[in-house]
Peer 1: 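Quick one: structure below, then a few questions.
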Amino acid sequence: MTETGEASENPSPRQVPLGADGEDLPEQVRVRRAKRERLLAEGRHPYPVTVARTTTLAEIRAAHPDLSPGDETDDVVGVAGRVVFQRNAGKLCFATIQEGDGIRLQVMLSLAGVGEEQLAAWKADVDLGDHVFVHGRVIASKRGELSVMADSWQIAAKALRPLPVLHKELSEEGRVRQRYVDLIVRPAARDVVRTRAGVVRSLRDSFHDRGFTEVETPMLQVLHGGAAARPFRTHMHAFDIDLYLRIAPELYLKRCVVGGIEKVFEINRNFRNEGADSTHSPEFAMIEAYEAYGSYDTVAVLTRELVQSAALAVHGDTVVALSDGTEYDFGGTWEEITLYGALSRAIGEEIGPGTSMERLSEFAGGLGVEVLPHYGPGKLAEELFEHLVVPTLFAPTFVRDYPEETSPLTRSHRSIPGVAEKWDLYVRSFELATGYSELVDPVVQRERFVAQSLLAAKGDIEAMRLDEDFLRAMEYGMPPSGGMGMGLDRLLMAITGLGIRETILFPLVKPE
RNA sequence: GGGCCUCUAGCUCAAUGGCAGAGCAGCGGACUUUUAAUCCGCGGGUUGUGGGUUCGAGCCCCACGGGGCCCA
């Protein structure tokens, strides 16, 4: 690590490492570095190993809920926190300190309490943003503010950069690039972290309650599979082979089901080498689950219950408050439509798996939907659906029975020719989850992979590759199964209304 | 990939083509009950980078880079 601050190759003026030549540093950083040096010179360490903290600020607030103005207690405590406000009068100094979860408490330092030397040192050494330790009695100030009246104090950790203005929001770029600062100054940023943790815990609880087993499957894969997406590629030197970061765990979770882990789930990261915008991140967390002797109907119920439980866990209600101030209702059972049925209603003409490429292309032309060379009628119908119907899907809606052509890992519908037993779940017009009756016939699966290879040859960079080991596993016999996948970041977006960059703690940003 | 907007002090933002400013933060001083403390005084800028037009550019033009929004 570069604690001593080696200069990087091309430091921008805003991000000069603190160990670099002092001349280029902002004035306030120079001042704080000088204070650090002075503390060291005086033998008062700016970064002590530890301080004698006895209680948290939250515990003090809980223990003394109703002191009257001017009350003093015999409760002697050692507290620590980051200084977020300072009000220094001549012989009496006030500061508001904040601990990690945002709880704040006032500390007071008086001439009578700490003596002339320590009071002068406080005024000279403490800056906004410093971590300080204060020892003293719990009191209420004359204005009734719960406080610790110091008998001694100590720097717990000196901050060398000034905090941003606490009364204005950081710019969006600042929030994302320096999330640690965002977390210090913006309570909503901390709330998102807790909400996300609550959702993940709720999901695991829901799975465990239903007898599912959690597994972790490879992220580095020799072949990428389980979804249609462009992968990240890397190289393993020991074997001298190219590897891919996984785009989905599906083919490994199915191997688990073959092996007898009949109810299995994974919550983990996927990587897709595509653009980044308000609903897409190159790395994103995914929930995937498989259930032997289930179908796309049983996993639809599972998915609804997962989402409803998560909403209950973080909002206490299936009607959730979104960040824009509106409410959204996840309650009850959810609407189900079929892809071809909804598309036919939108177009005003019966469309089905048998509708010709020519006819579909006519509609596409009229709507300005681009037809790429590798599109078949199924893919084009799906594109038309996304263009015409998806924007109207506000309430939670299961869209069922997708074209076989675009669903190479899904079994054909038990009674309707040309479509597969697959649904997508839409919430506020974005895709939240997908579910299948899994294709378990290894011969048909091989045929589907071969068809995908032909698409790849025609230039579809998202087409799937043939995975012989996966097919071998299928040939040992996979029980009839239902499977579902849901984006965790999107689930957060769905139940909070936030953008994906707010739900991910450290989203990828271009280097400065 | 295309279009539009944006980048100014540590932070958030101003500034008809004509002396680069404010609030908070900082530095010096006053103040023993403050709550974004107050009062007096003072510093702080390669206006994203590089070109160009102009007597004169933060502002106009071009290129590049970062960010945002919309479209594909």
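Scope of the values below: all heavy atoms of this structure, side chains included, with no hydrogens, waters or symmetry mates. Chain letters run A, B, ... following the sequence lines, proteins first, then strands; residues in each count from 1.
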Peer 1: Just checking, A/Lys422 and A/Tyr402: is the charged tip under 6.0 Å from the six-membered ring centre and within 45° of the axis?
Peer 2: yes
Peer 1: Base, sugar-phosphate, or nothing for A/Leu128, non-hydrogen atoms under 4.0 angstrom?
Peer 2: sugar-phosphate
Peer 1: What pairs of nitrogen or oxygen atoms, one from the protein and one from nucleotides 40-43 of chain B, lie under 3.5 Å apart?
Peer 2:
residue : atom : partner : partner atom : Å
B/G43   : N2   : A/Glu27 : OE1          : 2.3

Peer 1: Would you check if the distance from the ring center of A/Tyr244 to the ring center of A/Phe271 is below 6.0 Å?
Peer 2: no
Peer 1: At 4.0 Å (heavy atoms only), tell me whether A/Ser171 reaches a base, stays on the sugar-phosphate, or touches nothing.
Peer 2: sugar-phosphate
Peer 1: Once rounded to the nearest 0.5 Å, what's the spacing between atom CD of A/Glu288 and atom CD of A/Glu250?
Peer 2: 5.5 Å
Peer 1: Just do the side-chain hydrogen bond (donor to acceptor under 3.5 Å, both in side chains) check on A/Thr406 and A/Glu382 with the steps written out, would you?
Peer 2: CA-CA 8 Å; A/Thr406 58; A/Glu382 217 177 296; 2.5 Å; yes
Peer 1: Could you name each residue pair satisfying side-chain hydrogen bond (donor to acceptor under 3.5 Å, both in side chains) that touches residues 384-394 of chain A, not counting sequence neighbours?
Peer 2: none
Peer 1: Judged by modelled atom types alone, do A/Arg104 and A/Gln98 share a side-chain donor-acceptor pair under 3.5 Å?
Peer 2: yes
Peer 1: Rounded to whole angstrom units, what separation is found between the CD atom of A/Glu172 and the P atom of B/G66?
Peer 2: 17 Å
Peer 1: On a whole-Å scale, what distance lies between the C1' atoms belonging to B/U6 and B/C13?
Peer 2: 13 Å
Peer 1: Taking CD from A/Glu173 and P from B/C7, how many angstroms apart are they, rounded to a whole number?
Peer 2: 12 Å
Peer 1: Considering only B/U35, B/C24, B/U32, which nucleotide approaches the side chain of A/Ala112 most closely?
Peer 2: B/U32
Peer 1: Measure the distance from CG on A/Leu119 to C1' on B/U32 and round it to the nearest whole Å.
Peer 2: 10 Å
Peer 1: Taking only side-chain N and O atoms of A/Lys510, does any of them lie within less than 4.0 angstrom of OP1 or OP2 on B/G68?
Peer 2: no
Peer 1: How many angstroms lie between OG1 in A/Thr338 and CZ in A/Phe398, if you round to the nearest 0.5 Å?
Peer 2: 15.0 Å
Peer 1: Which part of the nucleic acid, if any, lies within reach of A/Gln86 when heavy atoms closer than 4.0 Å are counted: base, sugar-phosphate only, or nothing?
Peer 2: sugar-phosphate
Peer 1: Report the secondary structure of RNA chain B in dot-bracket form, marking unpaired bases with a dot and bases paired to a different strand with |, and treating Watson-Crick or G-U pairs with both distances under 3.5 Å as paired.
Peer 2: (((((((..((((....[..)))).(((((.......))))).....(((((..]....)))))))))))).
Peer 1: Write down the distance separating the C1' atoms in B/G10 and B/A37, rounded off to the nearest Å.
Peer 2: 22 Å
Peer 1: CZ of A/Arg233: more than 12 outside heavy atoms within 6.0 angstrom?
Peer 2: no
Peer 1: What is the distance from atom CD1 of A/Ile97 to atom CG of A/Asp130, rounded to the nearest 0.5 Å?
Peer 2: 12.0 Å
Peer 1: In whole Å, what separates the C1' atom of B/G43 from that of B/C60?
Peer 2: 34 Å
Peer 1: Base, sugar-phosphate or nothing for A/Leu163? Non-hydrogen atoms, less than 4.0 Å.
Peer 2: nothing
Peer 1: Of the candidate nucleotides B/C27, B/U35, B/A37, which contains the atom at the shortest distance from the side chain of A/Ser141?
Peer 2: B/U35
Peer 1: Using whole Å, what does the distance between atom P of nucleotide B/U32 and atom CD1 of A/Ile139 come to?
Peer 2: 16 Å
Peer 1: Measuring only the C1' atom in each nucleotide, how far is B/C42 from B/A25? A whole number of Å is fine.
Peer 2: 15 Å
Peer 1: Tell me which nucleotide among B/C11, B/G68, B/C27 gets nearest to the side chain of A/Val31.
Peer 2: B/C27
Peer 1: What interatomic distance, in whole Å, is found between C1' of B/G17 and the corresponding atom of B/U54?
Peer 2: 9 Å
Peer 1: Exactly one of A/Ile351, A/Leu388, A/Ile337 should register a side chain to side chain contact (heavy atoms under 4.5 Å, CB included) with A/Arg345. Which one does?
Peer 2: A/Ile337
Peer 1: Counting side-chain heavy atoms from CB outward, which of B/G10, B/G68, B/C27 is closest to A/Pro162?
Peer 2: B/G10
Peer 1: Please report the distance separating the C1' of B/C24 from the corresponding atom of B/G44, rounded so that it comes out in whole Å.
Peer 2: 14 Å
Peer 1: Suppose you measure atom P in B/G3 against the same atom in B/A63; what distance do you get, rounded to whole Å?
Peer 2: 10 Å
Peer 1: When the nearest nucleotide of RNA chain B is assigned to A/Val165 and to A/Ser147 on a heavy-atom basis, which residue is associated with the more 5' position?
Peer 2: A/Val165
Peer 1: Give the nucleotide from the list B/U35, B/U33, B/U32 with an atom nearest to the side chain of A/Met108.
Peer 2: B/U33
Peer 1: Both A/Pro164 and A/Ala124 contact RNA chain B. Which one's nearest nucleotide lies toward the 5' end?
Peer 2: A/Pro164
Peer 1: What nucleotide among B/G68, B/A37, B/C27 has an atom nearest to a side-chain atom of A/Phe85?
Peer 2: B/A37
Peer 1: Under 4.0 Å between any heavy atoms, over every strand shown, what does A/Lys168 touch: base, sugar-phosphate, or nothing? Just pick one.
Peer 2: sugar-phosphate
Peer 1: From the options B/C24, B/C69, B/U12, select the nucleotide whose nearest atom is closest to the side chain of A/His167.
Peer 2: B/C24
Peer 1: To the nearest Å, how far apart are A/Glu145 CD and B/U32 C1'?
Peer 2: 17 Å
Peer 1: Could you tell me whether the side chains of A/Arg87 and A/Thr96 share a donor-acceptor contact shorter than 3.5 Å?
Peer 2: yes
Peer 1: Within this structure, what is the CZ-to-P distance between A/Arg87 and B/A25, rounded to whole angstrom?
Peer 2: 11 Å
Peer 1: Given atom CD1 of A/Ile97 and atom C1' of B/U35, what is their separation to the nearest angstrom?
Peer 2: 15 Å
Peer 1: On a whole-Å scale, what distance lies between the C1' atoms belonging to B/C31 and B/U46?
Peer 2: 41 Å
Peer 1: Can you tell me if the side-chain N/O atoms of A/Lys142 get under 4.0 Å from OP1 or OP2 in B/U33?
Peer 2: no
Peer 1: Reckon A/Arg177 touches a base, only the sugar-phosphate, or nothing at all at heavy-atom distances under 4.0 Å?
Peer 2: sugar-phosphate
Peer 1: Does A/Arg30 make a side-chain N or O approach to OP1 or OP2 of B/C27 shorter than 4.0 Å?
Peer 2: no
Peer 1: Starting from P on B/G67, measure out to CG on A/Leu170 and report it in whole angstrom.
Peer 2: 17 Å
Peer 1: Could you tell me whether A/Lys123 contacts a base, only the sugar-phosphate backbone, or nothing, with contacts defined as non-hydrogen atoms closer than 4.0 Å?
Peer 2: nothing
Peer 1: Mind telling me whether A/His135 and A/Phe133 have parallel, tilted or perpendicular rings, with 30° and 60° as the class edges?
Peer 2: tilted
Peer 1: Between A/His167 and A/Phe85, what is the ring plane arrangement, given parallel below 30°, perpendicular above 60°, and tilted in between?
Peer 2: parallel
Peer 1: Between B/A37, B/U33, B/G10, spot the one nearest the side chain of A/Phe94, thanks.
Peer 2: B/U33
